Asker: 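I have a structure I would like to understand better, so I am pasting it below and will then ask my questions one at a time.
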There are 2 protein chains.
Amino acid sequence: MTERSYLGEFELMILLAVIQLGEEAYGVPISRELEKHRGRDVSVGSVYAALERLESKGLVSSSLGDPTPERGGKAKRYFRVTKAGLRQVHETRRVLSKLWGELPELKGERI
Amino acid sequence: MTERSYLGEFELMILLAVIQLGEEAYGVPISRELEKHRGRDVSVGSVYAALERLESKGLVSSSLGDPTPERGGKAKRYFRVTKAGLRQVHETRRVLSKLWGELPELKGERI
DNA sequence: CTTAATTTCTTCTCTATTGTTGAATTAATG
DNA sequence: CATTAATTCAACAATAGAGAAGAAATTAAG
């Protein structure tokens, strides 16, 4: 299949969540962040699956952190957005902006 | 699958194209409109498939027009966005707006 | 005329990618 | 060893996409 020129909504949300969380961007907080925005449960499994895909497409990278000194403190896998990922975010914004901007019915509202 | 609270990118683009095209919203112009925004080919097949999904979700409705007196003037199937569809578009915009608005790195840029 | 080619538009079929859930696994601490 | 925080896995459902086939109308050839 041809390469997409934009991000799907779910992947876009994940990229934005990773950017926003900065140093604390790992699986669990990322899915919490998504839940906050979507107003319903987001299973961690789906988040990890999407992160895998994003990593294989070079839009995020990951590294294992040290275990934290708390019970159940398994090492976390931290994610960060790559340059290519950031480019994609901007490109997606550009496309959506253009689409919305051209709609007479919706003019005046700014995203 | 659980009902999504947002639109996929492709379906969103189609809804916006349908709104924009108004009285001329049928398969072929819709896919042309998408091509314009995405800058590459969009197969009509995928557009119809998405329109089917949108209709079964009640976000668009369709009706058969009369054949036009021109070569190949087969009856067209016109689409229009339903109230629910319009609600979805607004909801999607709201969510994306919120996501982008909260990003420090991207502030200052307006979509 | 009537049959074939052409045009426009819709439908079908098949494949790939994305999204989801729920359970299983791993690795740490008490 | 029980508990907890985290990640990974496996199976599946929905969405996205390409391309070929089908249908209905007009135009043109004989």
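Quantities reported herein were computed from a predicted structural model and do not represent experimental measurements. By convention in this document, chain letters (A, B, ...) are assigned in the order of the sequence lines, proteins followed by strands, and residues within each chain are numbered from 1.
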Asker: Given atom CD of Glu52(B) and atom P of dT11(C), what is their separation to the nearest angstrom?
Answerer: 7 Å
Asker: Looking at the side chain of Glu11(A), which of dT15(D), dG19(C), dT20(C) is the nearest nucleotide?
Answerer: dG19(C)
Asker: Look only at the side chain of Thr92(A) and the backbone of Leu7(A), and say whether a donor-acceptor pair between them is shorter than 3.5 Å.
Answerer: yes
Asker: Within this structure, what is the CG-to-P distance between Leu15(A) and dG19(C), rounded to whole angstrom?
Answerer: 11 Å
Asker: Is a donor-acceptor contact shorter than 3.5 angstrom present between the side chain of Arg40(B) and the base of dG17(D)?
Answerer: no
Asker: Starting at CG of Asp66(B) and ending at P of dT26(D), how long is that distance when rounded to a whole Å?
Answerer: 12 Å
Asker: Tell me the interatomic distance from Arg32(A), atom CZ, to dA6(D), atom P, rounded to whole angstroms.
Answerer: 7 Å
Asker: Protein-nucleotides 27-30 of chain C N/O pairs closer than 3.5 Å?
Answerer:
| unit_1 | atom_1 | unit_2 | atom_2 | d |
| --- | --- | --- | --- | --- |
| dG30(C) | O4' | Arg71(A) | NH1 | 3.3 |

Asker: Can I get a per-line list of side-chain donor-acceptor pairs under 3.5 Å for residues 58-65 of chain A, giving both atom names and the distance, sequence neighbours left out?
Answerer:
| unit_1 | atom_1 | unit_2 | atom_2 | d |
| --- | --- | --- | --- | --- |
| Ser61(A) | OG | Arg80(A) | NH1 | 3.4 |
| Ser62(A) | OG | Glu55(A) | OE1 | 3.4 |
| Ser62(A) | OG | Glu55(A) | OE2 | 3.0 |
| Ser62(A) | OG | Arg77(A) | NE | 3.1 |

Asker: Could you check how far CZ of Arg53(B) sits from P of dT15(D), rounded to whole Å?
Answerer: 6 Å
Asker: In this structure, how many angstroms lie between the C1' atom of dT20(C) and the CD1 atom of Ile14(A), rounded?
Answerer: 12 Å
Asker: Return the value, rounded to whole Å, for the distance between atom CZ of Arg77(A) and atom P of dT26(C).
Answerer: 16 Å
Asker: Answer with base, sugar-phosphate or nothing: what part of the nucleic acid does Gly45(A) contact at a heavy-atom distance below 4.0 Å?
Answerer: base
Asker: Connecting only ILVMFWY residues whose side-chain heavy atoms lie within less than 4.5 Å of each other, what is the rest of Tyr78(A)'s hydrophobic cluster?
Answerer: Tyr26(A), Val28(A)
Asker: Of the options dG17(D), dT11(C), dT15(D), whose atoms approach the side-chain atoms of Ser43(B) most closely?
Answerer: dG17(D)
Asker: Write down the atom of Ala17(A), the atom of Leu34(A), and the distance for their closest heavy-atom approach.
Answerer: CB-CD2, 4.3 Å
Asker: One thing to verify: whether Arg94(B) and Glu91(B) come together as a salt bridge, which I'm taking to mean a side-chain N less than 4.0 angstrom from a carboxylate O.
Answerer: yes
Asker: Report the distance from atom CG of Leu51(B) to atom C1' of dT11(C), rounded to the nearest whole Å.
Answerer: 13 Å
Asker: Check every atom of dT18(C), dT20(C), dT15(D) against the side chain of Lys57(B) and return the nucleotide holding the closest atom.
Answerer: dT15(D)
Asker: Using a strict cut-off of less than 4.0 Å between a Lys/Arg side-chain nitrogen and an Asp/Glu carboxylate oxygen, indicate whether Lys36(A) and Glu33(A) qualify as a salt bridge.
Answerer: yes
Asker: Touch check for Ala49(B), heavy atoms < 4.0 angstrom, all strands: base, sugar-phosphate only, or nothing?
Answerer: nothing
Asker: Calculate, to the nearest 0.5 Å, the distance between atoms CD1 and CD1 belonging to Ile19(A) and Ile14(A) respectively.
Answerer: 12.5 Å
Asker: When you measure from the side chain of Val44(B), which nucleotide among dG17(D), dT20(C), dT11(C) comes out closest?
Answerer: dT11(C)
